[in-house]
Novice: 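Dropping the structure in here first, questions after.
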Amino acid sequence: FERTDAGNVIVFGGRQAIPVLDPHIRYDWSTRMIQQGVYDALVKYEGDPAEVKPWLAERWETSDDGKTWTFHLVENAKFHNGDPVTAEAVRYSFERGLKLNKGVAWMLKDFLSPEGITVVDDYTVKFELKAPYAPFLSFLPWWFVVNPQQVKANEVDGDYGQKWLTDHAAGSGPFKLGRWEPNVLYEVISVEDYWKGWPQGDNRPAGVIYRMIREPAAQKAALQRGEADIVEGLTSDDYVQIARVPNIVIEDHKGMTTFGIKFNTQKGPTADINLRKAIAYAMDYDAMIGIYNGAASLETSPLPDAMKGHIEVEGIPRQDLATAKEYLAKSAYPDGGITLDYVHVAGLEEARRIGLVLLDNLKALNIDVNIKPEQWPNMVAAGASVDTAPNMTSIFATPISTDPDAVAYQYHKNSWGQYYGIAYYDNPDVSRMIDEARAATDWETRAELYAKIQKQIVADQPEVFGMLQNRRWARQDYLQGFTFSPVRFTGEVDLYPLWIKEN
Amino acid sequence: MNSTLLDINAYSLGIGTFDGPIHVLKDINITVKRGETLGIVGESGSGKTVLVRSVMGIGPSNSRVQAGHITFDGQDITRMNDKGWAKIRGIRISMIFQDPMTYLNPLFSIGRQISDVIAAHERAAGQGISSKAMRRSRTQELLEQVGLPAPAQLFDQYPHQLSGGMRQRVLIAMALAGKPDLLIADEPTTALDVTVQAQVLDLIKSLVKKLNLTVIMISHDIGAIATVASKCAVMYKGEIVEQGDTAAVLSNPQHDYTRQLLAAVPDIEVTPARLLAKQAVQDVIPAPQKLLEAVNLRKVYKTQAGGEFAAVDNISLSVNVGEIFGVVGESGSGKSTLARMLLRLIEPTSGDIFFEGQDISRLRGEPLRQIRQHMQFVFQNPHSALNGRHTIGDAIGEPLRIQTTMSRRDIDVRTEALLDIVQLPKSFRYRYPHELSGGQKQRVCIARAIALNPRLLILDEPTSALDISVQAQVLNFLQQVRKELNLTYVFISHDLAVIRQICDRTIVMKRGKIVEQGDTEQIFLHPAEEYTRALIESGRVTSRAARLRA
Amino acid sequence: MLSFTLRKLLTVAGTMLGIAVLTFVITNIAPGDPARLVAGPNATEDMVDTIRVEYGLDRPMIEQFGIYMKDLITGDFGTSIVTTRPVLDELLRYAPATIELVVVAMILGVALGVPLGMLSAVYKDGPIDHVTRILSISGVALPAFWFGILMQLYFSVDLGWLPVSGRLPLVTRPPDMVTGSLLLDALIAGNLETFRTALSHIILPAVVLSFPCLASILRVNRSEMIEVLQSDYITAARAHGISAGRIIAVYSLKNALLPTLAMIGLRFGWMLGSTVLVETVFDWPGIGLYAVSSALASDFKPVIGVTLLIGFLFIIANTLVDLAYAWIDPRLRRA
Amino acid sequence: MSKLDQTATIPASFSERHAGRIRQMRLYGHMFRGSFSSMLGLTLVGIFLILAAVGPWIVPFPEDTLGAVHMGSRLLPPSTEHWFGTDEMGADIFSRVIVGARTSLWIGIVITGLGALIGVPLGIIAGYKGGFVRACIMRLTELFLAVPGLALALAIVASLGPGLTNCMVALAIVWWPGYVRLVEAKTLAVKEELFVESARSIGAKTPWILWHHILPNCMSPIIVKMSMDMGMAILAAAGLGFIGLGAPPPAPEWGAMVSVARSYMPDWWWYSFFPGAAIFLTVLGFNLLGDGLRDILDPRSRAR
Ligand SMILES: Nc1ncnc2c1ncn2[C@@H]1O[C@H](COP(=O)(O)OP(=O)(O)OP(=O)(O)O)[C@@H](O)[C@H]1O
Ligand SMILES: Nc1ncnc2c1ncn2[C@@H]1O[C@H](COP(=O)(O)OP(=O)(O)OP(=O)(O)O)[C@@H](O)[C@H]1O
Ligand SMILES: [Mg+2]
Ligand SMILES: [Mg+2]
Ligand code: NI
């Protein structure tokens, strides 16, 4: 950390830049981490298991048909420029998100139109959904509230202040923006009289600097030299190694990011379910855990463990060469002799290494694997059509809510063309059940449906179900207030409660 | 006053090479007394330059003295170190070089270079360095001394802004800066124009008198030696074969090589025997038949400054079958340009060329290639006219491979026959050009040119890059071949003695124009132009020196 | 003179246009889908389309090309999809860091390369010659990225002498921007402490970047020096009694410097290119880093912008070299 | 002409006929041996070529070069069993580095070969023809030279997608202008030589002159440049590999290895050290060799 006149400044070393801060446009982990610092939403995810906590909204009620949601706001919240956070600000923010049709819009746009949001009074706002939508609340933590006065003042050609909000903020959160040097560092400064107060009281840091350190080796060096207080993105082996260094603590928590090797279930050899099963049984699952040095757990269902409605599906494939060969014999390629493409995002180390494991394992089936690293945009472009979707694609998917729909919907036919729908999985039963579960307001009904869905998906094997990697950070032991919540993104940390304990 | 200044005693020098040491200088004995001028002649590569450079301590880097001493003014300088040289080099002994173009540093002004030399001398003398202004005036004084106009302006000029003659004068000024006891001049005039040569020689001669210098001068040109030097030494293959008073050596040569050398200098005064013979049978000559004719040829080049400059300006000529047609003129007068145009190697800006009555100035492609069989070119410099990466056999066979459909074997046979014609051993087929001497290379070039049995041969100063003794051989040989193969020659030269010996008709060129033309003998006996007279006069000096014994 | 300047300007403009066409074509051979990248992983097709329309990616390639060229002529380099900012702004933000790095590296390269080259030439084939040659060629052969990491580990992590990466310590406020170069700006502001820290940050990347350049400068200078030392005018200078030291330091150096200058011009462009690697290793926030991250995101307007900028700087550098040439070589001076 | 109708006499032996060539070669050999750095270069290149030729047959763990995974023996330090240690998948780094010589050699040959194949003819034509043709070619060349090679290659690979072939194509695209420039300058000089004019005067056509006279005389600098470029191309490809755009796994490519290994510094130093050192030594070898060749073949040529 850095000592300044105003107090201690916490340094976070991260590998990913923050090109656009606008909360309604971008929400990758580094961006969201700062957004969560400078903006407030109606509600916020906290704790492990994650729970939706009241934030700007102190309470809310739902109508019986599940279509109308009314939120009552706290009355002392104010934006950094002193304006109060009113119902109008909330309405405007949601309207902005929906109208811009970028970033977070996909979460609500099918169920909510800007007209459906009404200001009841200064501190009450009402949402009327087009249809009942059970996961509605679980998406709200991602919708931050901006100050309409400030945004409108900086509007250019009716762009809803997009240009301005790229590197400015109009929020009410615990931090306001400090220095903003793209690709170098991004600083936030704590707001002394934050309306919700500070959990660490007077220990509140003067601010946080998110510093770009791209190389893991440099990150590690920075951590060891005390130039960074917490870093993200070290290699698995580094975490093991650095854990032995005194004064350094590894945060290691079960996450919700699923990993699967998705088959193209419509075209090519992998359209053959027996081949898919054969591959799934040939895979060395322990090696997947080994790649993370044990900091991962195997998937027992398409849904991550921490998700509501998760069940452990029996008979999910584990390595068993005999079974693999049986399935292979039943397939159209009883002797193997084929080459399958395995595409992963270039630069994703773990995906590359799993590819190597796959290559090694499939030698037993006399199947050759062609590992192809691709840039993310190219990979997505190829995956957008069933004809160009590769035989196998490694996909990490992080659900943004604990609602099972967030993962289950990936197996709906509507997801075809999306990166997570790259398997082109087609089972009308499953699609129907997902739709039903979405609309149902009653949790019991939903839970039952999701159990069925999970079993059916495992039976159809549209992918090799991989593992859930743990979320890890390495931090100095004097950094206090670290909290974990599985719904957050990979590297994201809640900056709000952090503080430095000096001895 | 007549004390010995330089004494070279049984001096032998070897140069280490990949093949082992070669003995470049063998048992050299020379003494030079104060006030004397010694001339050294000898063929190319005989070791003249190495010898005089050894005297200055700037010989080849990998050379080793094998025996003998060099004593300068009583001091042994054979193996002196740099410190010792600092007091001698450039101060007591200084040197003028062969090529004024390359011996001046192009990046520094004339004045700067000379005053630096002055400063260096003052430093070496330990008197402290005089002020810039003083050096400047001293420099200008020197420049004036060597006869350069407007020294004040010249001071700030750069070498490229000067003509060759001026540069050589600057180099002389530089050499005189230290008021040397001994001045060495290594072929100070060979790179200069004939007319300028005489002036520079005169300058050296007058300086010798005025400053009471002791001079060693190397030259190819026996005329130059005879003009300047009182004593003379002849070098051959690293040895001094003969030395003594210039007049004595030239009038009564003892060594075979000296005799050969003198005999090889063509005599400008003698009416060639050929003409005497011809006069006898004058009436039988049939009406001349035109082989090549040029009408109003012009070649214009763009100059750097953007202007235009006619290298060849409206020249018309006609060459008859069987004759030798001469072209003379000083360097840069457009001789080579004209020759190239005649062969259509470069495009004339305007004008027409007729070969055997056919207009070839508009020919292109295949017909042009065909016509090339009949007219061939021998270039000025045999050293670069042969591709170093082809064997001699390849070089001679090349025209056959291009122009005929002969088989590989036939070409080999013909190549050997051609080698025979140019009097070279057949085994030369497998050699590379760098393994041949200049004269041999020129013969290869001729063999190559006559391979296709052409009717016309254009020879662009075929001997100017060769030693005099070799020149004589090549000239003889050319005349022989002409008779055998019935050729017509266009012969370009700046040496009037040669022209007179072999050419029937001649044109004299100056700045791209014909200033005089007609029967060769006529031009010699009654030159109409001042320019022609100057050319003839400078040729006479050499001839006269060579004919001393006659 | 005017027409000369005009012609020069025209050729520069022509080259720039050429580079723009070239890079545009190359980057669009097999276009990725940057819109998807920025739309986020869960975006629906119509959301991606929103972005495509906003950035004109939905139009036919030819039309995109036309629009880009038209904008370019008015000085508009387009907008980066990833950062949503005008490319020109970003170039102006990142270029000073790169230029500073390259210039410092170039100074290092010249300051070491020229004397070492001279030394090597003077003691040709001696032990000094061999040592400097092998060392210098090692400079060319060292993979910059690997060497950079090694230096980082040794000087920063092991010895702790120099910072690992970046341009300034975190809490140091950069001096007021005047030239964009932190070193100069710190000096202008009279802030010696900032200057010192900025210098300590630039040392490692500059050394890594300068190594190959040092090597080629050394090599050219050496071979030129050898050639010049054998030339006739140096022989003449020796014969006229000018001392060996002066011959080497004044006469030969100036002549040998001409081709070295040309090499410096060439190397300048090369260096600008290889900042791509060095900036990645040292987190140097310059245009190299910007180009890499944009290229990896298939965001090609910045890549074209960077290429144009580097091309432009390269041309400028070579024009300067030409001027220096004319200044040194009187033969090139026109009345 | 009867005296010409003889058969050609053939001298006794090969060595007699080629005495000149042989002496020249001996001279080259002598000069080369005399230079320590040239010999070092030759040795390094020799070792590299041998490894590239027989690598897969001499390495202790050939299967590791094809992507074998041994999760039990990850990141072992150098030992008698694993000379260079093992990598993060438990593969033997020694085997992978040795076999990587092949990939690198292939990269070097393809890039310089393609570069020369495109550049040399263009350069010769530009230099010989002059005029409009030359203006066109040289304009294009200058254009390419003004663009930073690595940045352009980066853009090409990013656009085509990573992979060895794309990487080589990209580098070849930025590589040829160097040859055009070199050959053009040389051709301009050679063109002025008398022997070219002499060939024209005997009626040789342009292709003949280019092939028999110009090209052989341009060969020395081309050979020197190609030797140097082998090294530089390997280095450039490794640079792309480092950014993540090089050979895909499991191909043992040095740049890609260093790229992966860099995150394992410094605790597992051997992982990046050995492939890095292999790049370094190879490039060093080719550069020293090129430098030595330049000294004997082309002493007067300017660098580059
Ligand atoms: N540095 C050197 N290395 C090897 N051989 C040399 C060297 N310098 C001169 N020679 C050889 O020494 C011999 C004498 O050369 P030198 O230059 O003295 O001849 P020269 O009489 O001056 O000829 P020219 O009239 O052509 O100037 C030649 O055979 C030449 O090849
Ligand atoms: N390609 C060219 N471009 C411009 N000027 C040229 C060119 N070739 C020749 N010249 C000029 O034309 C003039 C005549 O040259 P040319 O070579 O014909 O002279 P020359 O009489 O053969 O001289 P020398 O006796 O030196 O061979 C010279 O001033 C020369 O500088
Ligand atoms: Mg000589
Ligand atoms: Mg001529
Ligand atoms: Ni016959």
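To find a chain, count down the sequence lines: A is the first, B the second, and so on, and within it residues start at 1.
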Novice: When rounded to the nearest 0.5 angstrom, what is the spacing between CG in C/D329 and OH in B/Y158?
Specialist: 9.5 Å
Novice: Under the ring-ring contact (aromatic ring centres under 6.0 Å, His included) test, which residues partner C/Y233, sequence neighbours left out?
Specialist: none
Novice: Where on B/L104 is there a heavy atom nearer than 4.5 Å to chain C: the side chain, the backbone, both, or neither?
Specialist: backbone
Novice: Using a 4.5 Å cut-off on heavy atoms from C-beta on, say whether the side chain of C/K254 contacts that of B/N105.
Specialist: no
Novice: For atom CE of C/M69, decide whether the heavy atoms of other residues, nucleotides or ligands shown that lie under 6.0 angstrom number more than 12.
Specialist: yes
Novice: Taking side chain to side chain contact (heavy atoms under 4.5 Å, CB included) as the test, write out the residues that go with C/D322, two or more places apart.
Specialist: C/K8
Novice: Using a cut-off of 6.0 Å, state whether more than 12 heavy atoms not belonging to C/F312 lie near its atom CZ.
Specialist: no
Novice: Check each atom of C/V228 against the heavy atoms of chain B and say whether the ones under 4.5 Å are side chain, backbone, both or neither.
Specialist: neither
Novice: Once rounded to the nearest 0.5 Å, what's the spacing between atom CE of B/M95 and atom OG1 of C/T235?
Specialist: 9.0 Å
Novice: Which pair of non-hydrogen atoms, one from B/F108 and one from C/V250, has the smallest distance, and what is that distance?
Specialist: CZ-O, 3.7 Å
Novice: Please classify the contact between B/R112 and chain C as side chain, backbone, both or neither, with a heavy-atom cut-off of under 4.5 Å.
Specialist: both
Novice: Quick check on the structure: residues of residues 166-174 of chain B within a heavy-atom distance below 4.5 Å of chain C, by number.
Specialist: B/L171, B/M174
Novice: Is the CD atom of B/Q161 crowded by more than 12 outside heavy atoms at less than 6.0 Å?
Specialist: yes
Novice: To the nearest 0.5 Å, what is the distance between CD1 on B/I58 and CD1 on C/I234?
Specialist: 12.0 Å
Novice: Run the ring-ring contact (aromatic ring centres under 6.0 Å, His included) test against B/F97 and tell me which residues pass, sequence neighbours left out.
Specialist: B/Y103
Novice: Determine the option with the most heavy-atom pairs under 4.5 angstrom with chain C, choosing from B/P106, B/A175, B/S94.
Specialist: B/P106
Novice: Roughly how far, to the nearest 0.5 Å, is the NE2 atom of C/H240 from the CD1 atom of B/I96?
Specialist: 8.0 Å
